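Please read the structure below before turning to the comments.
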Amino acid sequence: MLTKRKAVFFYLLFSICWVLFTDIVIHFLHVDRYMLLMIGIGKAGIFIILSGIFLYQMLNKSEQLRKTTEDEQQLSALINSMPDFVCFKDSKGCWLRVNDFGRKLYHLEHVDYRGKTDRELGEIVPFFKETFEHCIQSDEEAWKSGTLTRSEESFPTPNGETKTFDVIKVPLFYENGERKGLLIIGRDITQQKLAETLLLKKEKLSVLGELAAGIAHEIRNPLTSIKGFMQMMKETKEIKDLYIDIMLNELERINQIVSELLVLAKPQSNDYRPLLLNDVIHYVVNLISHEATLNNVDISVENAAPHACIYGDKNQLIQVFINIIKNSIEAMPKGGTIRLYVREEGENIKITISDTGIGIGKERLEKIGEPFFTLKEKGMGLGLTTSTKIMQEHKGTLEIDSEVGNGTNVHLSLPKYKQ
């Protein structure tokens, strides 16, 4: 690159050569004074023109350099003011630039990070060594994908907090396909993840409370029977096997209901594993059938893919189905029918849950799924929000279509598990 010092040096060298060369040439020319004067004027004119061109180029380069410097300062100020992690790396994974947020995050405020790889920075800041090693792996995955990648990455900080970032990595390539650089942007979503966890717990408690109220009615029936037979045996002083068998059956009914309720009461954790979708549906139908019966609602299941296997968290998927079916039951205050239809379509399992309820208007349907928007008098509006989030985490979808007076259809889609 031509620096200012080199430019001035070449200009002086050219000027000296021009003057000496032209004077020597004129000296050997045998011309009169008039011609000599004209040659001198022409020589000076050419020198002035060339000097003007040189000066113009220098000023133009200086202006471009000034604008470039200003743009770089504005870009630097913008990047450093961002509340996100922004980092640029070269083709070899060496850090070129990181904003103030990133330097503070990784305790690099007083470290010359430029030109260093993640592994080298891990040696300088040992606490983040494991984190930097993970970055090397995820960077390589981004390079191999050849396109924008997005993922969630969590790591501990020295103050004992665990940070979670929504990380976007953009690999850049030259026209010949060689690696050029890597742009990394990470947004701190720690509070968002905590809020989602609390939202999930709150919704589960809400569902559990509503289920408990419905199941309490179902438990009351066998308890009434047991109480009656106990009073009868107390009065008659007779113990018959028939009475005992009936009471044992009623106790078994209570035990089954309570056991199913306790499954939902267990703390949720992401326990992803292969499972049969039919088992999830069968469990939910059995669990909620008590409430459906109390509300004069019939539940029918048509499973065209009884052996369909998916990969996910069974408890979370149970919660999705419970949320949807309970909404359907509540949409039919005078009773009705809920139909579950399961089928395979390509690489996905499709589940349609239909009811014969009152339906949902178009304006309200557009807001369904938004947090704290609800059509219930005592609801919190978190059920479908939570269900949608769970489906997204399972790489699935949840869609609703409805018409006032014609019921509601909820369409679920989950990818098949490939062994």
Side-chain angles (χ1 to χ4, degrees), residues 196-197 200-201 203-204 206-208 210-212 214-215 218 252-253 255-293 297-329 337-355 369 383-401 408-419:
E196 289 177 356
T197 301
L200 194 61
K201 289 181 179 179
E203 176 59 25
K204 184 175 179 182
S206 173
V207 171
L208 188 61
E210 293 177 13
L211 275 175
I215 291 174
E218 185 68 17
E252 182 59 32
R253 280 182 60 195
N255 181 60
Q256 182 180 359
I257 294 170
V258 173
S259 298
E260 292 171 345
L261 192 61
L262 287 175
V263 170
L264 289 179
K266 292 180 180 178
Q268 282 189 342
S269 60
N270 291 334
D271 184 18
Y272 287 79
R273 61 180 65 186
L275 55 95
L276 289 175
L277 181 61
N278 188 57
D279 292 344
V280 175
I281 295 174
H282 180 72
Y283 178 86
V284 172
V285 171
N286 284 339
L287 177 64
I288 212 163
S289 61
H290 313 297
E291 185 174 350
T293 301
V297 173
D298 294 326
I299 301 177
S300 65
V301 179
E302 184 180 344
N303 193 347
H307 303 294
C309 188
I310 58 175
Y311 187 78
D313 186 307
K314 185 175 182 179
N315 284 333
Q316 289 188 357
L317 292 174
I318 286 174
Q319 183 175 354
V320 171
F321 282 96
I322 288 177
N323 287 339
I324 296 171
I325 295 176
K326 280 185 62 65
N327 286 342
S328 295
I329 293 174
T337 302
I338 297 175
R339 177 174 174 265
L340 281 77
Y341 176 51
V342 185
R343 64 199 181 279
E344 292 187 26
E345 287 188 7
E347 299 299 318
N348 296 314
I349 307 298
K350 302 285 187 178
I351 309 101
T352 300
I353 303 175
S354 305
D355 65 53
L384 286 177
T385 303
T386 305
S387 299
T388 301
K389 178 65 177 175
I390 292 174
M391 292 299 293
Q392 290 174 349
E393 290 176 349
H394 285 74
K395 303 186 187 307
T397 60
L398 186 155
E399 297 176 354
I400 303 175
D401 65 72
T408 301
N409 299 311
V410 180
H411 306 282
L412 305 177
S413 178
L414 288 166
K416 288 194 296 187
Y417 175 68
K418 298 179 180 179
Q419 299 180 350

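Every value quoted in this text rests on a predicted model; they were computed, and no experiment measured them.
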Distance, nearest 0.5 Å, that separates CD of Gln316 from CE of Met391
11.5 Å

Is the Tyr311 ring parallel, tilted or perpendicular to the Tyr417 ring (thresholds 30°, 60°)?
parallel

In terms of heavy-atom contacts, Ile288 and Ile322 come closest through CD1-O, 4.1 Å

Where do Pro274 and Cys309 come nearest, in terms of heavy atoms and distance?
CB-SG, 4.0 Å

Any heavy-atom pair between the side chains of Asp401 and Glu399 that's under 4.5 Å?
no

One should read off an interatomic distance between Leu398 CG and His411 NE2, to the nearest 0.5 angstrom, of 10.0 Å

So CD1 of Ile338 and CD1 of Ile325: to nearest 0.5 Å the spacing works out to 6.0 Å

Would Thr337 and Asp298 count as having a side-chain donor-acceptor pair, cut-off 3.5 Å?
no

Please name the pair of heavy atoms, one in Ser354 and one in Asn409, separated by the smallest distance, quoted to 0.1 Å.
OG-OD1, 2.6 Å

Looking only at heavy atoms, the pair that brings Ile349 and Ala308 closest together is CD1-CB, 3.5 Å

For residues Ile324 and Leu412, determine if any side-chain heavy atom of one lies less than 4.5 Å from a side-chain heavy atom of the other.
yes

Nearest heavy-atom pair of Ser413 and Asn348: which atoms, and what distance?
OG-CB, 3.7 Å

Taking the side chain as every heavy atom from C-beta outward, state whether Asp355 and Ile353 have any pair of such atoms under 4.5 Å apart.
no

Without swapping roles, check the side chain of His282 against the backbone of Asn278 for a donor-acceptor pair under 3.5 Å.
no

Give the C-alpha distance, both sets of side-chain angles, the deciding distance and a yes or no for side-chain contact (heavy atoms from CB on, under 4.5 Å) between Leu414 and Leu317.
CA-CA 10 Å; Leu414 288 166; Leu317 292 174; 4.2 Å; yes

Is there a side-chain contact between Leu277 and Phe321 in this structure, where contact means two heavy atoms from C-beta onward sitting under 4.5 Å apart?
yes

Spacing of CG belonging to Leu340 relative to OG belonging to Ser300, to within rounding of 0.5 Å:
7.5 Å

The reported gap from CG in Asp313 to NE2 in His394 (rounded to nearest 0.5 angstrom) is 5.5 Å

Side-chain donor-acceptor contact under 3.5 Å, Thr352 with Arg343
yes

Under 3.5 Å: donor-acceptor pair, side chain of Lys314, backbone of Arg273:
no

Quick one: pull up CD1 in Ile310 and CD1 in Ile351 and give me the separation to the nearest 0.5 Å.
7.0 Å

For the residue pair Gly312 and Leu275, what are the closest heavy atoms and their distance?
O-CD2, 3.3 Å

